[in-house]
Participant: 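Below is the structure I would like to discuss, written out as structure tokens.
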2 protein chains.
Amino acid sequence: MSSDRAPRPAPAQSDATAEAARPAGRARLSRGLVLRTAVALADRSGIDAVSMRRLAQELGVVPMALYKHVANKEELFDGMVDVVIGEIAPPCEDSGWKQAVRRRVLSARQTLLRHPWAPQVIESRTAPSPAVLDHMNSLIGTFRAGGLSADLTHHAMHALGSRMWGFTQEVFPTAPPPADPELREIVFRDLAVRYPHIVEIATAGAHDPGSVVGSTCDDQFEFEFALDLLLDGVDRLHQRSWSSAQARDRDG
Amino acid sequence: MSSDRAPRPAPAQSDATAEAARPAGRARLSRGLVLRTAVALADRSGIDAVSMRRLAQELGVVPMALYKHVANKEELFDGMVDVVIGEIAPPCEDSGWKQAVRRRVLSARQTLLRHPWAPQVIESRTAPSPAVLDHMNSLIGTFRAGGLSADLTHHAMHALGSRMWGFTQEVFPTAPPPADPELREIVFRDLAVRYPHIVEIATAGAHDPGSVVGSTCDDQFEFEFALDLLLDGVDRLHQRSWSSAQARDRDG
DNA sequence: CTCCGGAGGTGTACGCCGTACACCTTCGCC
DNA sequence: GGCGAAGGTGTACGGCGTACACCTCCGGAG
């Protein structure tokens, strides 16, 4: 415990060492356990309380032990986001696209309300994780199944960003595609298989199908699209003298 | 430099000390200078580069010197947000409310694009600063001047949140009002003078005018309001076979 | 002019943080 | 039984926010 530095002469004082190495009942660490514990800690004490040291303590383990399961703190956050995304209810395609999307978005909101730290963490990610891409892909699928054009769906998704995630942004900075054209082709095919809907709407209206990942869309246009949707909607309500009281009455 | 702890016997070795105390040309520190430098640093190197130590170095000063001008790092962030908000163009009431709001929101977006770190920092504040309240107050004023009801304006403001700030949220957690009713009355009057429009829409439809600061509004309702505005708008575009190409053509 | 008080700036120290690196222990497999 | 990898430990480093005691300088009152 105290001072000797040279290669330990005595290999094991079995009881003290054993207790230190595995305090009786503690389960073996695993990536999943680490992530779930981190999420629970963030829920309970806020995202700032999630430090490697505090989390390790929570798990009854030394801080460095975590690094066998997550590469670093950024990757820990990535994993936590995936856990949260995984809690969003899967799509249910019973009624029309509008109801289906509405339900999905409201479910996402409920999930994020359970994890108030999540929007901030999601927003700080530099790239969307597979879980995020899956979620988007299936939501796009719902629009498309409802008959909306790829083009309109594309803009609708941008407009909905703020509703789904609890924040809006130039959503993900979308890293530039690899320079090597051959490699890019491979990556592209891979994406198309895994996230066909995303690739479809990303390329809709784009001339160069290879530039999916690059910013094929005009952020200013997307912003104004969503803004005008809202302003025009408000205007329409204004013109028909809408009031929240009557709205509440109508749909209970 | 090294070891003596007792009250210094020699009061001043004038040249070395003088150089340390004021390196010739450096301007005197001030809150404004500190904040502007912090904003510039964040713009240049990202918000994570804004540490008290780095910022002090930027200013040619020892870290603790900053604490004479900002209470702590949180207050530094608060101040940085105010600097950014101050850059948003003031309202111009020439055309109708819709144009006026549109312009203002687009101006806010331009400002936030210049300071990509800002949305994240704004989102992490626990209370809205006076600058934020001023901005909101005047935007509400624009709606009201255009003839919209306080009620509709209230919901429109919630819906626009995401467009104005680059993120949406249960916008500000709005700290509970002081328990002492007398004190609360004073705070309330104060708010009504400084932010009349905010108070008006906050109390619109609320039965107890004293509970302004408390959550008089139903977050779930606000969320669905904005969501339906978007979904209905998309639906309408879908039904008239809207496409982005023709939209771009129409308004150049 | 002197004196003094307070505002502005300094230096040291503390307890956190993420994580590199070398090590030891344990487990699963041959 | 032995061995290599996977899992866990311990130490150490540099950076962080900031408490606290100090020093210095400036402006105004006497």
Side-chain angles (χ1 to χ4, degrees), chain A residues 1-24 26-34 38 41 45-78 124, chain B residues 1-24 26-34 38 41 45-78 124:
Chain A
M1 264 314 175
S2 53
S3 57
D4 62 349
R5 282 287 63 239
R8 292 276 177 76
Q13 318 88 307
S14 75
D15 75 34
T17 306
E19 190 204 308
R22 188 75 60 84
R26 187 175 58 58
R28 192 91 172 273
L29 241 45
S30 74
R31 186 177 162 89
L33 179 59
V34 168
L41 177 56
S45 313
I47 193 65
D48 285 344
V50 179
S51 68
M52 298 305 267
R53 293 168 130 97
R54 180 103 166 62
L55 177 56
Q57 185 181 337
E58 203 82 1
L59 287 159
V61 119
V62 98
M64 287 312 294
L66 302 177
Y67 287 86
K68 290 285 153 74
H69 303 274
V70 297
N72 51 45
K73 200 178 182 185
E74 287 301 288
E75 212 205 75
L76 174 71
F77 280 160
D78 287 346
S124 71
Chain B
M1 269 310 175
S2 52
S3 57
D4 61 348
R5 281 289 60 238
R8 293 275 176 77
Q13 318 89 305
S14 76
D15 76 33
T17 308
E19 189 205 307
R22 189 71 59 83
R26 187 174 60 56
R28 193 91 171 276
L29 241 47
S30 75
R31 187 177 162 87
L33 179 58
V34 168
L41 178 55
S45 313
I47 194 64
D48 285 343
V50 180
S51 68
M52 297 304 266
R53 293 168 130 97
R54 180 103 164 63
L55 177 56
Q57 185 182 335
E58 203 82 2
L59 286 159
V61 118
V62 97
M64 287 311 293
L66 302 178
Y67 288 87
K68 291 286 151 77
H69 302 275
V70 297
N72 51 46
K73 201 179 180 185
E74 287 300 288
E75 213 205 73
L76 174 72
F77 281 160
D78 287 345
S124 71

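Below, chains carry the letters A, B, ... as their sequence lines are ordered, and counting in each starts from 1.
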Participant: Can you tell me the distance, in whole Å, between the NZ atom of K68(A) and the P atom of dC27(C)?
Facilitator: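 It is 15 Å, rounded to the nearest whole Å.
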Participant: Starting at the 5' end of DNA chain D, which residue's closest nucleotide do you reach first, A49(B) or L29(A)?
Facilitator: L29(A)
Participant: So do the side chains of M52(B) and L76(B) get within less than 4.5 Å of each other, counting heavy atoms only?
Facilitator: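 Yes, close enough: below the 4.5 Å cut-off.
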Participant: Starting at atom CZ of R31(A), determine the distance to atom P of dG7(D), rounded to an integer number of angstrom.
Facilitator: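 Going from R31(A) (CZ) to dG7(D) (P), I get 12 Å.
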Participant: Using whole Å, what does the distance between atom C1' of nucleotide dT18(D) and atom CZ of F77(B) come to?
Facilitator: 15 Å
Participant: Just verifying a value: how many Å separate L55(B) CG and Q57(B) CD, rounded to the nearest 0.5 Å?
Facilitator: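 Rounded to the nearest 0.5 Å, the CG-CD separation comes out at 10.0 Å.
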Participant: When the distance from CG of L76(A) to P of dC17(C) is rounded to whole Å, what number comes out?
Facilitator: 14 Å
Participant: What's the closest nucleotide to the S51(A) side chain, out of dC17(C), dT10(C), dT19(C)?
Facilitator: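 Between dC17(C), dT10(C), dT19(C), the one nearest the side chain of S51(A) would be dC17(C).
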Participant: Give the nucleotide from the list dT19(C), dT18(D), dG8(C) with an atom nearest to the side chain of M52(B).
Facilitator: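 That would be dT18(D).
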Participant: Would you mind reading off the distance between R54(A) atom CZ and dG18(C) atom C1', rounded to a whole angstrom?
Facilitator: 17 Å
Participant: What contact category does K73(B) fall into here, base, sugar-phosphate, or nothing, at under 4.0 angstrom with non-hydrogen atoms?
Facilitator: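 Sugar-phosphate only.
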Participant: Give a yes/no answer on whether the side chain of H69(B) brings an N or O atom under 4.0 Å of OP1 or OP2 in dA7(C).
Facilitator: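 For dA7(C), OP1/OP2 do not have a side-chain N/O of H69(B) under 4.0 Å.
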Participant: To the nearest 0.5 Å, how far apart are CG in D48(A) and OG in S124(B)?
Facilitator: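 Interatomic distance, D48(A) CG to S124(B) OG, rounded to 0.5 Å: 9.0 Å.
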Participant: Counting only side-chain heavy atoms from C-beta out, which of dG11(C), dT9(D), dT18(D) sits nearest to R53(B)?
Facilitator: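 Minimum distance to the R53(B) side chain belongs to dT18(D).
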Participant: In whole angstroms, how far is the P atom of dG15(D) from the CG atom of L55(B)?
Facilitator: 17 Å
Participant: Would you mind reading off the distance between D48(A) atom CG and dC16(D) atom P, rounded to a whole angstrom?
Facilitator: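 Interatomic distance, CG of D48(A) to P of dC16(D): 17 Å.
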Participant: Which nucleotide in the set dG10(D), dG17(D), dG8(C) lies at the smallest distance from any side-chain heavy atom of M64(A)?
Facilitator: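 Nearest listed nucleotide: dG10(D).
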Participant: What's the shortest heavy-atom distance between F77(A) and V50(A), and which atoms?
Facilitator: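 Scanning both residues, the minimum pair turns out to be CE2-CG1, 4.5 Å.
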Participant: Does R54(B) form a side chain to side chain contact (heavy atoms under 4.5 Å, CB included) with L41(B)? I'd like the steps, not just the answer.
Facilitator: CA-CA 9 Å; R54(B) 180 103 164 63; L41(B) 178 55; 4.0 Å; yes
Participant: To the side chain of V61(A), which of dA19(D), dT19(C), dT9(D) is closest?
Facilitator: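 When the side chain of V61(A) is considered, dT9(D) is the closest of dA19(D), dT19(C), dT9(D).
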Participant: Nearest-Å distance, CZ (R28(B)) to P (dG6(C))?
Facilitator: 16 Å
